[in-house]
Amino acid sequence: MQDLAGKRIVLGLTGGIACYKSAYLCRLLVKAGAMVQVVMTQAAAQFITPVTMQALSGRAIYDSQWDARAPDNMAHIRLSREADAIVLAPCSADFIARLAHGRADELLSLTCLARPIERVPLLIAPAMNREMWAHPGTQRNLAQVRADGAIVLDVGAGPQACGEEGDGRMLEPEELLEDIVAHFQPKRLTGQRVLVTAGPTFEAIDPVRGITNHSSGKMGFAIARAAHEAGAQVTLVAGPVHLPTPRGVRRVDVISARDMLAACTAAADAADVFVATAAVADWRPLHTSAHKIKKDGSGRANALELTENPDILHTLAQSVRARSGQLFCVGFAAESDNLATHAKAKRERKGVPLLVGNIGPQTFGQDDNSLLLVDARTTRELPRAPKLALARELIAEIAARLPASRLPA
Ligand code: CTP
């Protein structure tokens, strides 16, 4: 998916060892469809060569305000006017201080200062030693650049190039890409709190076996990511899956359906939207054996008696908050055939305003899917596409159904 297709990004590098990560960030931005124009300070060029950045971006880099390539010799004006965003990665402590003071004595700070503030966002990815990061001077400067309209991305924690350990590492290139992509998504759910369930549940039979299913959790994780990109505060209640947590999303890991219900009930009071994507196991063993169940020679699983699991979606959809319109509930239906008929019936049975149907065998474990959206009046098909693209469309559909009073103007 080319999430940044057509976007023009000025990638500014300042002096820091994290410049080695900027090479890969540049590559990821280009792969995501962005046109990347690299601008480097003299200090950055001590850490990575302009040749490397030119090769990866496919464009000659800029590193001087006296560069004669711009016909009017005003590179800072052209660069800042042509950009959809300026991303500083890495942004050193010294460069943050320069931004805080509105300095303009070399090309990159000049370009940041000259940018049309309303139209060209400035995203900065700080990178420095933990003491420099924690220093009141740095924190004071960061507060100032934020107040001046810059978006300060997080820093990572962990081992640092200097041998110390702590906060101040630049985010990894994949994390930066996710933040940059999120920045460009429409903020349809600003101020909303979204609760999502994802993945399968696992119902233990004994210490070594259990009942589960093939759900990979990819659709639910994509919905959590899309909701976060749209500006929501997101809690993701995940069954046992091997997926990284989307950036900015609070994740609660659970195993069984009853754990999932407990986690959702605890979070539902502070949610405005609930999206039940999880493939919850319908049944669990009536008794979980503390010891491995042995074959008894009868040829039958006599010890295995099943009982129905609680219906999480139905439980939340019947809550006072949902019934009074404060919690908008969205269900999923994994069917094997007759999608429209089953989805319509399931929407009514679950008592939810919106139900999303899909064909189970065509979605489990896949990176793409197709969906059928069913509400009280209409059905709409979303043709096969990557799950993240579908998730973004679903978020738009949900936002369109929320009371206007709850949404950003
Ligand atoms: N669901 C749930 N708790 C359950 C079962 C299902 O929250 N115990 C939710 C799912 O997350 C999904 C919706 O209900 O949003 C429908 O799930 P699905 O498995 O398709 O339907 P079932 O209710 O299990 O109905 P059936 O198996 O009869 O098709």
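Here the structure is a predicted model, which is why all the values come from computation and not from measurement. When a ligand or atom number is given, it counts from 1 through the structure's own listing order.
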Write out the residue and atom name of the closest protein heavy atom to [atom], then the distance separating them to 0.1 Å.
atom                    : value
atom 17 (O) of ligand 1 : F332 O, 3.6 Å
atom 7 (O) of ligand 1  : L313 N, 2.8 Å
atom 15 (O) of ligand 1 : A276 O, 2.6 Å
atom 11 (O) of ligand 1 : A278 O, 2.6 Å

Going by atom types only, do [X] and [Y] share a side-chain donor-acceptor pair under 3.5 Å?
X    : Y    : result
Q318 : R323 : yes
S92  : D94  : no
K387 : T363 : yes

Regarding ligand 1, does [X] bring an N or O atom to under 3.5 Å of one of the ligand's N or O atoms?
X    : value
E335 : no
A281 : no
P310 : yes
R349 : no

Can you confirm whether some protein heavy atom lies under 4.0 Å from atom 25 (O) of ligand 1, or whether none does?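 When distances to the protein are checked, atom 25 (O) of ligand 1 has a heavy atom within 4.0 Å.
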Applying side-chain contact (heavy atoms from CB on, under 4.5 Å) between L28 and each of I180, L56, L4, L177, report the one that passes.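 Testing each of I180, L56, L4, L177 against L28, the sole residue satisfying side-chain contact (heavy atoms from CB on, under 4.5 Å) is L177.
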For atom 27 (O) of ligand 1, which candidate among V352, D282, L261, L355 provides the closest heavy atom? D282
Could you tell me if any non-hydrogen atom of A257 lies under 4.0 Å from any atom of ligand 1?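 Not so, A257 does not reach ligand 1.
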